[in-house]
Amino acid sequence: MGKGGLEDVVAAQSAICDVDGTAGRLIYCGYDIHDLAEHSTFEEVIYLLWNGQLPTKSELEGLNKLLRTSRALPPAVIEAMKKFPKEAMPMEALRTAVSMLSMYDKEAEEMDKEANLRKAVKLTAQIPTIVAYIDLIRNDKPVVAPREEGSLAENFLYMLSGGTMPNEVAVRSLDIALILHADHELNASTFAARVAAATLTDFYSATVAAIGALKGPLHGGANQEVIKMLIEMGTVDNVLPHLQKMFANHEKVMGFGHRVYKTEDPRAFHLRKMSEELGKRAGDTKWYEMSRKVEEQVKGDKGLNANVDFYSASVYYMLGIPIDLYTPIFAMSRMSGWAAHILEQYANNRLIRPRAEYVGKRDQKWVPFEKRQQLEAANK
Ligand code: COA
């Protein structure tokens, strides 16, 4: 038995993504995340993850066309979403709506590669619509039809605002955030997706398994906990006393630490820069300054580095996105990575079925109910 939590266990071969935790390097299909964040678009990265190579212009146009024309939701799913409880967590609503989609897809149970690729396109295009509609519906606003133009990031912000075109800075900021969150090797949600896919269940079921895993605060749920902590701290001066209290109570500081990275998470570099730039543009660098102070302190006292969730929190806050949508936005991006891994798993499948080391009792003698009660009483 190793260190628990499958630490350092290699559970699959994959050609999609590699994390070098010692050097702090992340590559998607051989391309450094820094190059992709600086030069690519999210759609280009989706193509890369699904095909193992960057697209030509016409290949990208082909994928863009498919994604843009797949954004609308089946009317029955929209009607069902209107009946969800208003106070439902967005991740609960997302998980439920994605599960519903399979019942309105005639190909849901088709297992050939082309049909599964079509499902990858549909889910990647429809999840942003679901996330925007969750927010519109709970605020009693009319749903806005998706545009069949523009990037996924632009259309999402357009729908979320109720139909106002977003500015270019907001679109590019979200686009970079989507690139940075797209894949991360065998993280918990991707592993959940692969375990489900390996039973040869359908694409939607594997995606629902992944969404359920992403929701947890130790995984995708961390980003919204970060901004709640910053809001509670309130000022730069309050950072230190607040952290000291957390350390004294042995509380984890969300957005710090990582199972694989022993040095800085390369994704944090870009998000830190964006957090600063967005703050400067808005004339409000408070959230960036507080984040810097938290980072210095946690690094100094605990030796822990900020992970992807730490600075994405202040970036989304500066973009005016409601806090409980941060994790669903992570899902919007990671859908592309889940899809790549589900397709890779189907292409070379073997059931994933590890063993447990049994540490329970053995050789117990079965006794009837009356005697069990007597034994219980005798043991009291
Ligand atoms: N704040 C304070 N202490 C932390 C910490 C954090 N964010 N992350 C790890 N530690 C400490 C643990 O308390 C533990 O200390 P101990 O050995 O004295 O008990 C030690 O570092 C190892 O942590 P552990 O939780 O066992 O590491 P892990 O590899 O199992 O967990 C995470 C990795 C990401 C789950 C963990 O760092 C964490 O919970 N971070 C906060 C949540 C988060 O940001 N998640 C998003 C990840 S991208």
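Remember, predicted model here, so these are calculated numbers, not experimental data. Whatever order the structure lists ligands and atoms in, that order sets their numbers, starting from 1.
Each of the following atoms of ligand 1 lies closer than 4.0 Å to a heavy atom of His219: 46 (C). Every atom of ligand 1 with a heavy atom of Gly255 under 4.0 Å away is listed here by number and element: 43 (C), 44 (O). Within ligand 1, counting atoms from 1 as listed, the ones closer than 4.0 Å to a heavy atom of Ala222 are 43 (C), 44 (O), 45 (N), 46 (C). Taking a cut-off of under 4.0 Å to the non-hydrogen atoms of Arg259, the atoms of ligand 1 that pass are 28 (P), 29 (O), 30 (O), 33 (C). The atoms of ligand 1 that sit less than 4.0 Å from any heavy atom of Leu218 are 39 (O), 45 (N), 46 (C), 47 (C). Residue-ligand proximity, Asn307 to ligand 1, at heavy-atom distances under 4.0 Å covers atoms 43 (C), 44 (O), 46 (C), 47 (C), 48 (S).
Less than 4.0 angstrom separates atom 20 (C) of ligand 1 from none of the non-hydrogen atoms of the protein. For atom 48 (S) of ligand 1, a protein heavy-atom neighbour is present inside the 4.0 Å cut-off. Counting only heavy atoms, the protein gets under 4.0 Å from atom 29 (O) of ligand 1. Less than 4.0 angstrom separates atom 37 (O) of ligand 1 from at least one non-hydrogen atom of the protein. Within a 4.0 Å radius of atom 23 (O) of ligand 1, the protein contributes no heavy atom. Distance remark: protein heavy atom present below 4.0 angstrom from atom 3 (N) of ligand 1. The presence of a protein heavy atom under 4.0 Å from atom 14 (C) of ligand 1 is ruled out.
The single protein non-hydrogen atom nearest to atom 46 (C) of ligand 1 is Asp309 OD2, 3.1 Å, given as residue, atom name and distance. For atom 25 (O) of ligand 1, the closest heavy atom belonging to the protein is Lys252 NZ, 2.7 Å. The protein non-hydrogen atom at the shortest distance from atom 1 (N) of ligand 1 is Val253 N, 2.9 Å. Of the protein's non-hydrogen atoms, the one nearest atom 34 (C) of ligand 1 is Gly257 O, 3.8 Å. Here the protein heavy atom with the shortest distance to atom 40 (N) of ligand 1 is Phe256 O, 2.9 Å.
Not a single N or O atom of Leu304, backbone or side chain, sits closer than 3.5 Å to an N or O atom of ligand 1. Considering backbone and side-chain N/O of Val308, none are found under 3.5 Å from N/O of ligand 1. Between Met254 and ligand 1, no pair of N/O atoms sits closer than 3.5 Å.
Side-chain atoms of Arg71 and Gln126, non-hydrogen and from C-beta on, never get closer than 4.5 Å to each other. Side-chain contact between Met229 and Val294 is present, with heavy atoms from C-beta onward closer than 4.5 Å.
The number of heavy atoms from other shown groups lying within 6.0 Å of NZ (Lys122) is above 12. Enclosure of atom CD in Gln364 by more than 12 non-hydrogen atoms of other residues, nucleotides or ligands within 6.0 angstrom is indicated. More than 12 heavy atoms of other residues, nucleotides or ligands sit less than 6.0 Å from atom CZ of Arg172. Summarising the local packing, CZ of Arg147 is surrounded by more than 12 heavy atoms from other residues, nucleotides or ligands at distances under 6.0 Å.
Ion pairing between Glu79 and Lys82 holds under the 4.0 Å rule for side-chain N and carboxylate O.
Taking the ring axis of Phe256 as reference, the NZ or CZ atom of Lys302 does not stay both within 45° of it and closer than 6.0 Å to the ring centre. Annotation: cation-pi pair Arg334/Phe330 absent, no NZ/CZ under 6.0 Å from the ring centroid and within 45° of its normal. Under the 6.0 Å distance and 45° angle rule, Arg372 counts as a cation-pi partner of Trp366.
In this view, Glu251 and Met246, Asn249 satisfy the side-chain contact (heavy atoms from CB on, under 4.5 Å) rule, not counting sequence neighbours.
Closest non-hydrogen pair, Leu271 versus Ala177, comes out as CD2-CB, 4.4 Å.
Between His34 and Phe269, the ring centre distance stays below 6.0 Å.
Distances shorter than 4.0 angstrom do not occur between any heavy atom of Gly5 and any atom of ligand 1. Distances shorter than 4.0 angstrom do not occur between any heavy atom of Lys302 and any atom of ligand 1.
Ring orientation note: the planes of His258 and His184 are nearly perpendicular, at an angle over 60° on the 30°/60° scale.
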